[in-house]
Structure formats: C-alpha cells, structure tokens
Amino acid sequence: MSGTIAPRPTQLYDAIVVGTELPGLVAGALLAKRGLRVLQIDNGGPHDHHVAGGYLLPSGPTLLPQLKAQPSLHALFDELGSVPSVGRALVPYPGGLQFLLPRARLELRADPTSRRAELFRAFGDTGDAMVRAVELALGLGVRAASLHLERPPIPPTGPLARWSAARLATRKARAIGPLPLQADTPLGAAILGLHRFLSHAAGDIAAMDFAYATLPTLAEPSRLPADGLVSILRAAIASHRGDVLGEPSAPVVVEEIVLERSGLGAARFAGVRLAGQSEPHRGRICLASHDLRVLAPLLHAPRVRRGFERFAAAAPIARRLHVQNLVLAAEGIPPGMADLAFLHGGDREPALLQIEPTRRQDGSLGEGLRTATVSCLVDEGADPTRVEARIEAMLEDALPFHQRHQKLRLRAPGGGLHYDPGEEGAAFAGSPLLSPVPRLLVTNHSVLPRLGLEGALLTGQRAARLAAEKIGKVRPS
C-alpha cells in the first residue's frame, strides 16, 4: 500500500520505521529482506528528488563512492541482492572532483598520472609536495580497508561495549597512521574542508575519521542519475512485502507514538497512530529515523516525554543542509566547469556544486538545459537573507553568467539536519542506539556522526541486528 493510509490498521508489524534518514532505511530494508514485517512511514524527512516547475530536481547532494571503495555499502546491497543493478547505475563523475580555490582550479583525477600532471599545473613549484601529500592521503584507504568494520558491535551499546569501541578506535588509529594533509596548504585545507562537509565534524580531524567518511568518495566520486539511496531502500522494503506510507509531496502526519506498560511498569513502544485514524499501526520495535526533537512531542505521557526530551538534547543539532536548484541553459555553464566541484576559500563557508542534465517531471531530458545544485551547511536559525547572499556570491564565482541563462531557481525542500559531535568527539561516539523508551531504537545520523555515510551504514546494520534479536524475544520464531 505504498503512498496510502489504510482507514483502520489491523496488521501487527515487527518493525516500524519513522522517518527517511539513511540509518533507519538501511535497518528497515535489511529486516524486510530477512522476512520480518516492516512498515516505513515518511513523515517529511529528506528525499533524493523533488518536483518543481515541471522538473525533477535533486533535494540534496548526490555524492557516493563506488561500491568497491566502501565495503559497508557493498555488503548492504549484497544482502539486498542489488549489487549488479546498483553497480551498473553508479556513474563516476568524469574528471573526478574539481576544487575551486581562490587562486587555483584543479581536478583531483582518479588516474595517478593525470592527477600528478593536474597538481603540477595548478601549483607549479610546490606541485611535488602536493603530489606526495595526496598520494599519502589516498594510501590511507589501503590500510583502512584491511581494518574494515565488518561485524563488531559498532555503534556500541552499554559501558562495556563503549570501552571496547574506544580500544578498537585506538588500535585502528595507530594502524592507519597520521593524516598527511596540512591545513596551511591550499589543497590540504580544501580536502579537509570537504571532510567537514561530508562528516559534519568540528575540531581536529583524525586520520581514521577521514579514511572512513571521506576517502571512499574522494577517490572516485560517483552519482546515481535516477533514484538515490532513499528511493532504493524504500523500494527494497516494499519489494519484500513491507508497507511504505507517504511520499515526498505528501508526507504522513504522525500524531502519536503509542506506548504500553510492561510488567515492570515501564512505558514501552507499542505502535504509531497517524492523522485521520482512530486505531494505531502496532509494532514490536520502532526505528526512530528522524529528528528526535520532532518525535518527543508525539510521546503523550508527560513523564516519558520529558525524559525523551532530555535524551534528545544530549545530541545537539548544530547545522542544517541548505540546498538550492538552478535550471540553466547549457550556455550558462562556463568552459572548464566540472560536473562536480567543491568551492573552498576566502571567508565563506564551503559549498558543493553539482551539474547534471536536466530531467523533466516525466523523466525525459530537457534539451539544452542543465541543473546546478549547490549545497552548503548553515547554522540553525541563520538569517535567510545572509544565506542567500552567500549562495549568490558562490554562484558568481563558479557560474558568473548564471543569471542571464536562468530558467528556474528555488530552494530544495527538506535538506536534513546534521549532528555536530563537538570538538572532542570520538570516532564511534554519538547518540545511543537504545533510547529511554524500551523497544524504540535511534536510527538517525546522530548515532555515528563523525563517519558520514559509513556511520549511517554501520548504524543501520547494527540496528537491524539488535532489532531482530529483540523481535525474536518478543515473538519467538
């Protein structure tokens, strides 16, 4: 019943996923593949695309690594049986990632010979030092791959598991070695800026964080031209007899997270009641794949809600992804502008610029048109006027003729929240998977915030294992 709401829910689900953040969708897809009954509810979270002005536009960055570069991503699609189809769909960005620096423009190509020539062209006499630094940084991936997190208890639950995770992080950091990039060089600062953009982490950057969060994408950045990860995972839930409610243009309104009293008196998750329905969708486990501050008011028991609000406040949300779409005539893209560029330098926050053929609402290509999507992180509550001015200055640097060729310009909906783990956050530290409400697991990006996409994958895979164990105790197989 994809995209619809049943008038009177009757089915008991094993797991209910509330939201569209990747960790929850990963867990939901894996549970559905393993034969459990899953309901996924879209209550207004970020999606891959949106429709506006008759065009199909990206709702956020579409930046992914090749499957071979990120074993956790390969393992996910291997279990879902989608490695061949996703592998064929992933398209590497031609020329790799382009960096737009104040005094240089260069493409970090995948081919070592071309990459070396490009670095010497951009930096002249200092090119040799840049080549050494980049090659050493890319070499971290070889050491990290040998230490890949396959199935240890990451993210941790409980004091002993956290202690074990801290020891594991220390061993991995020692084996990977120091990060060879220096923030006092133009390229080093730009690559480290890209890491902060992808991982949303403040403070010093550890080599292990960089190796897992940024390096797979830096080595060979790719995109999915049609469906993104959110669409693929929701489709995987539906294809394994799961139910998917809500769409990007018509999210479902959740009015209450239903609780029941256990034998020990604790209020535990029992289901979700949606707007327009008197009866709830009942479930054995809830995967909270959304902003916890939004979910807290849905707990109607005052004491439980206050405890959950304190729990949610422990994972401060510092920044929001601001995304704008532009549809331009092809002549508005200047010569030498790559399809993927990272703007870094000066006194402005960095931004990611992606350019692709324009797709109309029906999926057909718009002849002679290009879609430019610019994404940057902004503080919560930032002045919209200042943000718009900042975006315009970035566009003037990268696309100086965009205004005269512009057909459409608008802000993408959603954007998503980004969780700042603070200056001293450990690699495997973040919000606990286990919330104060029994049978309600946290499956958003706050659990492993420093590891970017890798953190989302590990969180979803670990949550699926925990949920299956808990469901087995509630409903023995």
Side-chain angles (χ1 to χ4, degrees), residues 57-66 90-111 114-115 117-119 121-123 130 134 137-138 181 185-199 214-225 321-358 369-378 387 390-403 405-406 409 412 452:
L57 304 169
S59 296
T62 53
L63 188 59
L64 291 170
Q66 287 288 305
L90 273 171
V91 178
Y93 279 95
L97 175 64
Q98 186 177 68
F99 285 95
L100 302 183
L101 309 178
R103 295 182 179 82
R105 175 182 294 197
L106 66 104
E107 294 176 0
L108 205 61
R109 300 175 181 271
D111 174 60
S114 301
R115 183 168 62 240
E118 181 73 357
L119 289 169
R121 181 198 61 76
F123 295 108
M130 291 293 98
V134 170
L138 295 176
L181 299 168
T185 64
L187 183 58
I191 294 177
L192 295 178
L194 176 68
H195 172 77
R196 290 190 171 92
F197 181 89
L198 295 176
S199 69
T214 301
L215 193 54
T217 302
L218 184 68
E220 193 172 6
S222 305
R223 63 185 177 91
L224 290 166
L321 190 66
H322 183 99
V323 181
Q324 283 196 11
N325 302 123
L326 291 83
V327 176
L328 311 169
E331 305 87 78
I333 308 299
M337 187 72 220
D339 291 346
L340 177 67
F342 188 64
L343 288 68
H344 186 273
D347 57 354
R348 294 193 295 269
E349 287 283 342
L352 189 70
L353 178 63
Q354 296 167 280
I355 299 173
E356 58 191 88
T358 297
L369 297 177
R370 295 291 183 272
T371 296
T373 301
V374 58
S375 310
C376 65
L377 293 171
V378 300
V387 173
R390 202 172 93 197
I391 296 288
E392 184 60 32
M394 294 174 185
L395 290 172
E396 284 295 328
D397 288 345
L399 306 173
F401 311 114
H402 71 277
Q403 289 187 346
H405 297 284
Q406 187 171 294
R409 177 173 174 177

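Remember, predicted model here, so these are calculated numbers, not experimental data.
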- Look at the side chain of R115 and the backbone N and O of A110, then say whether any donor-acceptor pair between them is shorter than 3.5 Å. yes
- Message: Distance check, rounded to the nearest 0.5 Å: L328 atom CG versus F401 atom CZ?
- Response: 12.5 Å
- Just wondering, do L108 and E118 contact through their side chains at under 4.5 Å, heavy atoms? no
- Message: For Q406, give me all partners under side chain to side chain donor-acceptor pair (under 3.5 Å), at least two apart in sequence or on another chain.
- Response: none
- Message: Please give me the minimum heavy-atom distance between P350 and H344, naming the atom from each residue.
- Response: CB-CD2, 4.0 Å
- Inter-residue atom distance T62.OG1 - L224.CG, 0.5 Å rounding: 8.0 Å
- Message: Looking at T371, is its backbone amide N or carbonyl O close enough to the side chain of T358 to form a donor-acceptor pair, meaning the two atoms are under 3.5 Å apart?
- Response: yes
- Message: With no hydrogens and no angle check, just 3.5 Å: does a side-chain donor-acceptor pair link Q354 and T373?
- Response: no
- Distance, nearest 0.5 Å, that separates CZ of R109 from CG of L97: 12.0 Å
- Residue set satisfying side chain to side chain donor-acceptor pair (under 3.5 Å) with H405, at least two apart, ordered chain then number -> none
- State, to 0.1 Å, how close P221 and L63 come at their nearest heavy-atom pair, and which atoms those are. CB-CD1, 3.6 Å
- Quick one: list whatever passes side chain to side chain donor-acceptor pair (under 3.5 Å) with E356, sequence neighbours left out. none
- Message: Rounded to the nearest 0.5 Å, what separates atom CD in E107 from atom CG in L119?
- Response: 11.5 Å
- Task: Could you tell me the separation between the CG atom of L192 and the OG1 atom of T214, rounded to the nearest 0.5 Å?
- Result: 9.0 Å
- Message: side-chain contact (heavy atoms from CB on, under 4.5 Å), that's the test. Do E392 and H402 meet it? Break it down for me.
- Response: CA-CA 10 Å; E392 184 60 32; H402 71 277; 3.1 Å; yes
- Is there a side-chain contact between R409 and L395, using heavy atoms and a 4.5 Å cut-off? yes
- Distance only, no hydrogens: is a donor on one side chain within 3.5 Å (strictly under) of an acceptor on the other, for Q98 and Y93? no
- Query: Would you call R223 and D339 a side-chain contact if the rule is heavy atoms closer than 4.5 Å?
  - Reply: no
- Write down the atom of A412, the atom of P58, and the distance for their closest heavy-atom approach. CB-O, 4.1 Å
- Message: Distance check, rounded to the nearest 0.5 Å: E220 atom CD versus L138 atom CG?
- Response: 11.5 Å
- Test item: M394 and L353 side chains (from C-beta on) under 4.5 Å apart, heavy atoms: no
- Query: Side chains of V327 and L57: closer than 4.5 Å at any heavy-atom pair?
  - Reply: yes
- Would you check if V374 and L343 make a side-chain contact, meaning some heavy-atom pair closer than 4.5 Å? no
- Query: If you take all heavy atoms of P92 and S222, which pair is closest and at what distance?
  - Reply: CA-OG, 3.5 Å
- Task: Please report the shortest heavy-atom distance between L399 and A372, naming the atom on each side.
- Result: CD1-CB, 4.1 Å
- Taking side chain as C-beta onward, heavy atoms only, is L218 less than 4.5 Å from L198? no
- Side-chain contact, heavy-atom cut-off 4.5 Å: F99 with P186? no
- Message: For P334 versus P400, what's the shortest heavy-atom pair and its separation?
- Response: CG-CD, 4.2 Å
